[in-house]
Amino acid sequence: MQETAERLLIIDDDEMFCHVLDRALSRRGFEVLVAHDAAQALSLARRHQPQLATLDLKLENESGLKLLPELLEVVPNCRVVVLTGYSSIATAVEAIKLGAVNYLCKPADAEEVLMALSREEGDPETEVADNPPSINRITWEHIQKVLQEHDGNISATARALGMHRRTLQRKLQKRPVRR
């Protein structure tokens, strides 16, 4: 009797990324499910009860952080890794507090995803940066923290930061500032 493959749910609005990750993980023996939004993800999770999941932090019009507790309510033992091209300390901390087992910056390949999903403990050998983050990085992280506090509401975040909404939108469209 053949053992059933582990089910892995990819939740991401980037279709090309999903396709590449799906192929790579399917080749490694996983049964892969793909969802491009929260409703589709929850439906697939209810129906198939995946053991593993990757969750994009920033879906088209939705926050992966809002979806995370809902997903874990549907599949409590699912190991979830949050993936993002918009990393910040604030969102990493929140993702872990909300139940993610790990947090990875995009681009991430299949091996990195599988390692993140399988790690049970932290790594005390992780290198600590020698230099502090730049003022631009600190600004980016602060904007992300305030945006999170306002549940992704750009108008409320702009008011809290004392800036024009369009200025904030332009800043958010840019890639995160490197250290």
Side-chain angles (χ1 to χ4, degrees), residues 5-15 17-18 20-22 24-25 28 30-129 133 137 140-153 157 172 175-176 179:
E6 265 190 304
R7 271 191 209 102
L8 189 146
L9 175 59
I10 299 170
I11 308 163
D12 202 303
D13 57 358
D14 180 339
E15 291 188 29
F17 177 77
C18 290
V20 170
L21 193 56
D22 178 354
L25 294 170
R28 287 168 174 81
F30 290 89
E31 179 185 334
V32 179
L33 309 163
V34 177
H36 298 295
D37 60 45
Q40 190 180 25
L42 292 172
S43 174
L44 286 171
R46 276 187 200 92
R47 210 167 340 137
H48 299 284
Q49 296 290 300
Q51 294 91 353
L52 307 167
T54 65
L55 172 59
D56 189 11
L57 179 68
K58 191 174 179 189
L59 297 167
E60 184 71 32
N61 295 313
E62 302 162 304
S63 165
L65 290 180
K66 284 187 177 179
L67 175 57
L68 182 55
E70 295 176 54
L71 180 63
L72 290 174
E73 191 174 305
V74 172
V75 192
N77 294 324
C78 187
R79 295 181 57 80
V80 181
V81 168
V82 172
L83 297 171
T84 183
Y86 300 90
S87 64
S88 74
I89 293 168
T91 56
V93 169
E94 289 306 316
I96 300 303
K97 282 182 180 178
L98 291 168
V101 297
N102 222 318
Y103 181 98
L104 290 177
C105 298
K106 286 182 181 178
D109 63 25
E111 286 306 313
E112 290 171 309
V113 168
L114 292 175
M115 276 183 29
L117 284 165
S118 66
R119 286 195 50 210
E120 296 287 333
E121 297 176 3
D123 182 4
E125 299 301 317
T126 300
E127 281 189 41
V128 178
R137 181 63 189 199
W140 170 262
E141 299 238 352
H142 181 65
I143 288 171
Q144 294 300 315
K145 178 178 175 275
V146 176
L147 184 63
Q148 179 63 35
E149 289 169 355
H150 289 88
D151 298 320
N153 182 316
T157 302
L172 291 171
R175 282 275 180 213
R179 297 221 165 248

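All of these numbers come straight from a predicted model, not from anything done at the bench. Along the sequence shown, the residues carry numbers beginning at 1.
- Atom CD of residue Gln51 and atom CG of residue Leu9 lie 11.0 Å apart, to the nearest 0.5 angstrom.
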All N/O donor-acceptor pairs, side-chain side in residues 55-63, below 3.5 Å, sequence neighbours left out:
unit_1: Glu62; atom_1: OE1; unit_2: Ala38; atom_2: N; d: 3.1
unit_1: Ser63; atom_1: OG; unit_2: Leu65; atom_2: N; d: 3.1
unit_1: Ser63; atom_1: OG; unit_2: Lys66; atom_2: N; d: 3.4

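- Judged as a side chain to side chain donor-acceptor pair (under 3.5 Å), and not counting sequence neighbours, Ser118 has no contacts.
- Evaluation of the side chain to side chain donor-acceptor pair (under 3.5 Å) rule for Thr84 yields no partner, not counting sequence neighbours.
- Between Leu83 and Ala108, the shortest heavy-atom contact is CD2-CB, 4.1 Å.
- Between Ser88 and Gln144 the shortest heavy-atom distance is OG-CB, 3.6 Å.
- Applying the side chain to side chain donor-acceptor pair (under 3.5 Å) test to Glu111 and every residue at least two apart in sequence or in another chain returns Arg28.
- Heavy atoms from other residues, nucleotides or ligands lying under 6.0 Å from CD of Glu73 number 12 at most.
- The stretch residues 30-39 participates, sequence neighbours left out, in these side chain to side chain donor-acceptor pair (under 3.5 Å) pairs: Arg7-Glu31.
- Closest of all the heavy-atom pairs between Leu44 and Ala35 is CD1-CB, 4.0 Å.
- Summarising the geometry of Leu25 relative to Ala110, their closest heavy-atom pair is CD2-CB, 4.1 Å, with the distance given to 0.1 Å.
- Residues passing the side chain to side chain donor-acceptor pair (under 3.5 Å) test with Thr54, sequence neighbours excluded: none.
- By the 4.5 Å heavy-atom criterion applied to side chains, Tyr103 and Thr91 are counted as neighbours.
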